Amino acid sequence: MITPVGDDFVKRYRLEYNLEALERVRGEIGEKAYSRMKALIEYRLCGTEFDRSPINVKIALAFSGGSDSTATLKILRWAGFEVVPIMAKLPQMKEQVIEKAMGHGAVLVEVPGYLEAITEQMNKGAPICGRCHSMVMKTVEDYARKNGIKIVASGDLLSSGLISIYKKDDLTVLNFPAFLALDKAEIIELIGGKYDLQFGCPLLWETFRKAPGVKRFAIQRVLRELRARAITPEIAEALIFDILSR
C-alpha cells in the first residue's frame, strides 16, 4: 500500500516532526487512534509492520474523488480506521465523479451559499480555490460535529510539521498525505498509476477566461508544491502548461 521512505532525508525529517505534532493531540484523539497513526509513521520511517485490524475509530474525510483524497481513503481504511468520505456536492462536479464517490460509500452534503460566494470571487477576478477549500472544509467539519466524529482528514500534500495534525476547537484536523510525507508520484502509483494532469475545475477555468491574471496564483501554487517536493518537475511542467492553455 505505502512504502518506507528509506534514506530520503527530507521525508524522514518531516515524518519525525510529524511525530511531534501527533504527540500534541494524543489526548484529543485517544490511545487507539494515536497508536495506529504512530504505527503508520514508523512504518514509513523504518518499514516496521503493524496490526491493521479495525479499531473502531471514525474519521470524516473531505472527499473530492481526486487522487489525493482517494489515496487518503485507501490508506486510512487499509490501516484499520473507519473512514466516512464526505463529498461536498458542488455545481462543477460531473455526475460520473459523484457516482464513483458513492461507490466508495461517500456521503453527499450541500455547501450553503457556495455558488453565490464563488460567483462573487469570479466577478471580482479573484482566486477561488482558497475560498472553495475553506467552505468545503467547514461543511465537512460541521458534519463531523453533528455526527460525533472527532477527527477530520483532508488530502493536503503540503501541511507538514505541526500543522500536519492539530487541534481545531473540538476537532482534530489531519492533513493526511502531508502527515505521511507522501508525494504526488506515490499517490498516483497508489491509486492505480493513472492520473489526468489537469489543474483545477471548470469554475476555475471560467475564472481564468474572465480574469487571465488569476493564472499566476495557480502557477504559484504549483511552484510551491514543486519546492516542497510534493510534485516532480515533470508533473509541475505539465500542470503549468495546462494552466496557460486555459
Side-chain angles (χ1 to χ4, degrees), residues 1-64 66-86 104-106 137 140-141 144 149-168 171-193 225 228-231:
M1 177 62 67
I2 56 175
T3 58
V5 298
D7 295 328
D8 189 314
F9 173 80
V10 173
K11 288 186 177 182
R12 294 189 70 84
Y13 176 81
R14 289 175 178 167
L15 289 165
E16 288 164 2
Y17 201 3
N18 292 347
L19 278 173
E20 293 185 31
L22 180 61
E23 289 294 334
R24 291 173 178 238
V25 299
R26 183 172 184 171
E28 306 296 329
I29 63 177
E31 283 301 305
K32 288 192 292 185
Y34 164 80
S35 297
R36 192 59 56 91
M37 288 182 190
K38 185 178 181 182
L40 271 168
I41 290 186
E42 289 173 344
Y43 182 84
R44 281 285 276 171
L45 279 168
C46 308
T48 307
E49 281 293 344
F50 62 98
D51 178 15
R52 294 191 291 274
S53 59
I55 57 172
N56 195 30
V57 172
K58 281 190 176 182
I59 297 179
L61 169 63
F63 189 71
S64 67
S67 60
D68 301 339
S69 61
T70 299
T72 296
L73 176 65
K74 286 188 173 185
I75 297 169
L76 284 172
R77 284 181 171 170
W78 170 78
F81 290 96
E82 183 179 347
V83 187
V84 183
I86 312 299
H104 288 294
M137 287 306 299
V140 174
E141 290 164 9
I149 302 173
K150 298 299 184 182
I151 304 172
V152 173
S154 79
D156 197 327
L157 282 164
L158 293 180
S159 301
S160 60
L162 295 182
I163 55 173
S164 64
I165 184 168
Y166 62 94
K167 186 177 185 298
K168 181 180 180 183
L171 299 173
T172 297
V173 177
L174 171 63
N175 297 312
F176 190 70
F179 180 73
L180 287 187
L182 291 163
D183 60 45
K184 181 67 81 172
E186 288 181 285
I187 284 172
I188 292 171
E189 183 177 356
L190 192 148
I191 64 172
E225 293 181 349
R229 296 179 53 194
I231 58 176

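None of these values were measured; they are calculated from a predicted model.
- No side-chain heavy atom of Y43 sits under 4.5 Å from any side-chain heavy atom of T48.
- One distance of note links CZ of R14 with CZ of F9; it measures 11.0 Å at 0.5 Å rounding.
- Crowding of F50 atom CZ: a count of heavy atoms from other residues, nucleotides or ligands under 6.0 Å exceeding 12.
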Original post:
Given E186 and R44, is the salt bridge (Lys or Arg N to Asp or Glu O under 4.0 Å) satisfied, shown in steps?
Top reply: CA-CA 12 Å; E186 288 181 285; R44 281 285 276 171; 2.8 Å; yes
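- Residues D183 and I231 are not in side-chain contact: their nearest non-hydrogen atoms beyond the backbone lie 4.5 Å or more apart.
- Between T172 and K150, the closest side-chain pair of non-hydrogen atoms is not below 4.5 Å.
- Counting non-hydrogen atoms of neighbouring residues, nucleotides and ligands closer than 6.0 angstrom, the CD atom of E23 exceeds 12 such neighbours.
- Closest approach of L45 to L19, counting heavy atoms only: CD1-CD1, 4.2 Å.
- Residues V25 and L174 fail the side-chain proximity criterion, which asks for heavy atoms closer than 4.5 Å.
- Taking 4.5 Å as the limit, some side-chain heavy atom of E141 sits within range of a side-chain heavy atom of K168.
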Subject >> Full working for salt bridge (Lys or Arg N to Asp or Glu O under 4.0 Å) between E225 and K184 >> reply: CA-CA 9 Å; E225 293 181 349; K184 181 67 81 172; over 6 Å; no
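- Side-chain contact between V152 and M137 is present, with at least one heavy-atom pair separated by less than 4.5 Å.
- No side-chain N or O of N175 forms a donor-acceptor pair with one of S164 less than 3.5 Å apart.
- With sequence neighbours excluded, the residues forming a ring pair (Phe, Tyr, Trp, His ring centres under 6.0 Å) with F63 are H104, listed by chain and number.
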Original post:
Going through the checks in order, is the salt bridge (Lys or Arg N to Asp or Glu O under 4.0 Å) test met by R77 and E82?
Top reply: CA-CA 6 Å; R77 284 181 171 170; E82 183 179 347; over 6 Å; no
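- Judged purely by distance below 3.5 Å, without hydrogens or angles, the side chains of D156 and S154 never pair a donor atom with an acceptor atom.
- Counting heavy atoms from C-beta on, the side chains of V84 and I59 never come closer than 4.5 Å.
- For the pair I151 and I165, the minimum side-chain heavy-atom distance is 4.5 Å or more.
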